[in-house]
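Step one of this worksheet: look at the structure below.
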Amino acid sequence: MLNPLSLDIETAPVKGFPQEYALQPWRVLEGKAQIDCISVAKASGEAILVTNPKQFRALLKSLAGKTIWTWKGTFDIAWLIAYGYEKECRDIIWRDGMIFWKWLDNSQLCERRPAWSLADGVKRFYKDEKWCAPFIKMKKEEVHAGENDQYWETRAKLDAIMTSRVVVAVHEKMDQQRIDSSYITMNGMVAVAGSWVRGVTINYDKIDVIAPAVTVEMSEIECRLGCHEHGQEAHHHMGVNGWIPSKVFSSPKQLGNLLYVTWAMPINEKRRTPTGKPGTDKAALTYLADENPLVTEILRWRQLNTQLSKYLRSPLKAREYLGNDIVHPSASMFSTYTGRYTYSSKTSKKFCTGVALHQWPRQKEFRALIVPREGYKHVEFDAAGQESRLMAEASGDLAMRAVFAEGKDFHSFTGARVSGLTYEAFMKGKAEGNSAIVGNHGFRYQGKFTNLSCNYRIGVPTLRQQARVQYGMDVDFMKAKSWQDAFHNSFPGVKPYWKTAVNIAKTQGYAKTMAGRRMGLMFWKGDDKWSTDSTAINFPIQGAGADMKDLAIQEIDKLFPEFEFWFDLHDGLHYEVLLDTPDSRLIECRTMLDNLDYLKWWGVQPTVPLTWDASVGENWSKLKELN
DNA sequence: TGCTAACGCGCC
DNA sequence: AAAGGGCGCGTTAGCA
């Protein structure tokens with residue numbers, strides 16, 4: 001790492017199109033945005049600049065096989081892919097200075113002062129150099145994309161040079177395991193960049209079917225509750241976009257007035273908001289519904305309202321802004337402290353570029369709105385019981401490890417403990433379809449809820465509330481406590497893990513995952529104690545999930561390049577795959593994932609089997625698991 | 001009008 | 001004293 005090469009591109013709208021198109025690579029395909037220049041430079045200051053588009057491909061070809069650093073390189077790569085240079089991009093080993101730096105410095109300090117820009121990196125490592133201040137100053141100049149060529153060409157060169165310099169500084173401080181693991185993250189850059197450009201197709205015909213049904217039901221509820229502001233008749237003439245829901249239910253203040261003043265319902269002191277106002281969230285309302293069935297109607301109204309604004313109207317806004325049926329949620333590869341991806345869509349701001357994929361409802365009618373593009377099918381690889389397996393790994397709990405080692409059904413195992421049956425009897429009953437076991441709120445469901453809720457330090461009241469609000473199971477305190485007890489009696493290693501995770505993080509100064517991903521922890525006292533302890537407990541688990549995601553994306557991209565990465569849902573990786581791809585090819589991929597060589601990539605071999613499921617279907621609502 | 005805080009809620 | 005963790009988006013209210 002003496003004199004690394006870095007690349008930076010500057011982009012702009014084509015003359016006459018809006019400024020923000022400079023940040024929307026898919027506009028290239030519409031002829032509405034362009035790359036102005038590409039710079040490649042070394043830390044030593046040598047730099048070249050290419051402004052002639054005819055030379056872009058040749059430039060990339062000349063970089064084949066080389067390691068090229070970037071700053072938030074998914075942006076640059078996306079533009080190159082939009083230009084049709086995906087093949088050339090695949091021949092380059094892409095690295096990212098921002099991700100590299102985050103692998104080095106990820107900590108609670110960064111949370112309080114979020115700062116991962118290139119200028120921040122230069123300040124962090126080269127504060128005392130005489131070229132530091134002028135660079136920061138230049139970055140702050142407000143020059144519009146596409147105007148002042150001289151400025152942008154200088155900036156492209158300097159950005160590339162500075163990227164190289166920061167990378168050198170980060171590299172000096174890094175240990176080998178983190179270098180290797182950070183490279184695994186970065187090996188997903190082409191896949192992620194491509195997914196941004198290709199986008200996600202929405203089935204708008206189905207929105208047209210769902211939306212009117214939603215607004216009609218909302219309108220009817222408003223009528224019944226006497227909160228209708230516009231009249232039922234008017235609704236029929238205004239259509240989905242014209243109809244305005246009542247504010248009474250969507251305003252916490254107005255709803256609070258209705259419930260606690262007009263209706264004089266009792267205020268639950270335990271469900272006040274942080275500022276002391278009576279709570280009007282789902283948990284509070286679910287309990288009020290016991291006394292007044294009208295509250296059930298309000299709950300239903302609010303569910304419909306969320307569906308309408310977030311999952312029906314937002315896509316419509318996006319179509320209006322984008323001009324076609326493809327939305328472009330933008331992935332950030334390391335913007336959480338655990339290493340999970342996040343997506344942003346800015347649908348509530350000015351430019352509606354995407355939809356909230358990460359929050360997409362599980363109901364089939366909504367999942368059916370997300371469709372693969374023409375000629376492709378939807379394939380998902382999901383890490384089976386990921387968090388539980390990683391807890392078994394991290395805690396070393398013998399019983400939990402045995403469940404996975406012996407290939408038992410984890411939720412049934414806990415369900416058996418909850419029910420008092422032996423595992424064998426439980427599985428026999430399950431096979432026979434015993435409704436107390438497999439029924440709606442049966443013992444397996446209870447076991448599943450218990451397993452998913454008790455890994456961390458949840459309290460019994462919250463556990464009970466989650467059961468009611470999220471799973472529709474109404475149980476008393478003692479019942480909820482008995483589930484929690486069953487979990488900890490079954491897996492006695494979990495609580496000690498909480499303690500040792502905190503102690504280890506405190507001793508080392510950071511929490512760590514199997515792949516060496518770190519989260520620096522320093523605020524151990526006072527008000528911060530609880531949350532810092534929680535991070536120490538949670539990070540090795542959720543961060544390892546992110547490690548798995550990174551490695552899976554790398555290996556699928558390398559070994560199954562015909563699968564087009566589509567989007568990530570943390571423990572589920574979604575791909576667009578050509579229609580004529582045989583199931584055997586998908587199973588091959590799953591087998592590959594089941595046999596990932598963690599020792600080779602992470603330097604650590606997990607002892608709990610980390611297995612994957614594969615499903616395929618014509619869209620998200622029709623995925624069928626492959627055997 | 002534009003901004004932020006508070007609240008609520010969807011997913012894993 | 002008690003407290004599951006991680007995110008992003010949409011709405012209302014209130015302020016300048």
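Naming: A, B, ... by sequence-line order, numbering from 1 per chain.
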Point to revise | Aromatic-base stack, A/W530 on C/dA3, cutoff 5.5 Å, angle under 30 | key: yes
Check your understanding: According to a strict under-4.0 Å criterion, is A/S314 in side-chain N/O contact with OP1 or OP2 of C/dC9?
Key -> no
**Study point:** d(NZ, A/K317; C1', C/dT11) in whole Å
**Key:** 10 Å
Check your understanding: Does A/K253 place a side-chain N or O at less than 4.0 Å from the phosphate oxygens OP1/OP2 of B/dA6?
Key -> no
Check your understanding: When the ring planes of A/Y343 and A/Y341 are compared, do they come out parallel, tilted or perpendicular, using 30° and 60° as the limits?
Key -> perpendicular
Review point. The side chain of A/S344 lies closest to which of these nucleotides: B/dG10, C/dC9, C/dT11?
Key: C/dC9
Exercise for review: For A/S531, answer base if it contacts any base atom (sugar-phosphate contacts may also be present), sugar-phosphate if it contacts only those atoms, and nothing otherwise; contact means non-hydrogen atoms under 4.0 Å.
Suggested key: nothing
Study note, to complete from the structure: Separation of B/dC11 atom P from A/L452 atom CG, nearest Å, is 14 Å
Check your understanding: Using the ring of each side chain (for Trp, its six-membered ring), is A/F404 parallel, tilted or perpendicular to A/F410, with breaks at 30° and 60°?
Key -> tilted
Check your understanding: A/Q465 and A/R468: side-chain hydrogen bond (donor to acceptor under 3.5 Å, both in side chains), yes or no, with the steps?
Key -> CA-CA 5 Å; A/Q465 178 194 305; A/R468 181 151 179 167; over 6 Å; no
**Study point:** Rounded interatomic separation in angstrom, taking CD from A/Q470 and P from C/dG6
**Key:** 16 Å
**Study point:** Ring centroid separation A/Y497 to A/F491 under 6.0 Å
**Key:** no
**Study point:** Interface residues of residues 457-469 of chain A with DNA chain C (non-hydrogen, below 4.0 angstrom)
**Key:** A/R457, A/I458, A/G459, A/P461, A/T462, A/Q466
Exercise for review: May I ask you to list the residues of residues 281-302 of chain A, by number, that have any heavy atom positioned under 4.0 Å from an atom of DNA chain C?
Suggested key: none
**Study point:** Under 4.0 angstrom between A/S251 side-chain N/O and C/dA13 OP1 or OP2
**Key:** yes
**Study point:** B/dA6 OP1/OP2 closer than 4.0 Å to side-chain N/O of A/T273
**Key:** no
Check your understanding: Between B/dC7, C/dG8, B/dC12, which nucleotide has the shortest distance from any of its atoms to the side chain of A/D571?
Key -> B/dC12
Practice item. Have a look at A/W483 and tell me which of A/N451, A/T450, A/V460, A/T414 forms a side chain to side chain contact (heavy atoms under 4.5 Å, CB included) with it. Key: A/T450
Review point. Between atom CG in A/L255 and atom P in C/dT12, what is the gap in whole Å?
Key: 13 Å
Exercise for review: For A/F539, report the nucleic acid contact type (base, sugar-phosphate, nothing); a contact means any heavy atom under 4.0 Å.
Suggested key: nothing
**Study point:** Sugar-phosphate, base or nothing in reach of A/R272, heavy atoms under 4.0 Å
**Key:** nothing
Review point. Reckon A/Q363 has a side-chain N or O less than 4.0 Å from the OP1 or OP2 of B/dG10?
Key: no
Study note, to complete from the structure: Between CD of A/Q307 and P of C/dT11 the distance, given in whole Å, is 14 Å
**Study point:** Those residues that, when tested against A/L23, pass side chain to side chain contact (heavy atoms under 4.5 Å, CB included) (two or more places apart)
**Key:** A/F75
Point to revise | Length of the CH2-P vector between A/W360 and C/dG8, whole Å | key: 17 Å
Check your understanding: If only side-chain N and O atoms of A/Y337 are considered, is one of them under 4.0 Å from the OP1 or OP2 phosphate oxygen of C/dG6?
Key -> yes
Check your understanding: In terms of side-chain heavy atoms of A/S250, which of C/dG5, C/dT11, C/dA13 is nearest?
Key -> C/dT11
**Study point:** Interatomic distance where NZ belongs to A/K247 and P belongs to C/dA13 [whole Å]
**Key:** 6 Å
**Study point:** Listed partners of A/K206 passing side chain to side chain contact (heavy atoms under 4.5 Å, CB included), at least two apart
**Key:** A/N203, A/A368, A/L369, A/N619
Point to revise | Residues in side chain to side chain contact (heavy atoms under 4.5 Å, CB included) contact with A/K506, at least two apart in sequence or another chain | key: A/V502, A/W524
Point to revise | A/L569 side-chain proximity, nearest of B/dC12, C/dC9, C/dT12 | key: B/dC12
Exercise for review: Give a yes or no on whether the ring-centroid distance for A/W360 and A/Y311 is below 6.0 angstrom.
Suggested key: yes
Check your understanding: By side-chain hydrogen bond (donor to acceptor under 3.5 Å, both in side chains), which residues pair with A/H378, not counting sequence neighbours?
Key -> A/H574
Review point. Step by step, would you call A/Q508 with A/R518 a side-chain hydrogen bond (donor to acceptor under 3.5 Å, both in side chains)?
Key: CA-CA 10 Å; A/Q508 294 186 324; A/R518 292 185 192 179; over 6 Å; no
Check your understanding: Whole-Å distance between C/dG4 P and A/K495 NZ?
Key -> 13 Å
Check your understanding: Distance check: side-chain N/O of A/R362 vs OP1/OP2 of B/dC12, anything under 4.0 Å?
Key -> yes
Check your understanding: Has A/T306 got a side-chain N or O lying under 4.0 Å from the OP1 or OP2 atom of B/dG8?
Key -> no
Point to revise | Any donor-acceptor N/O pair under 3.5 Å between C/dG8 base and A/Q359 side chain | key: yes
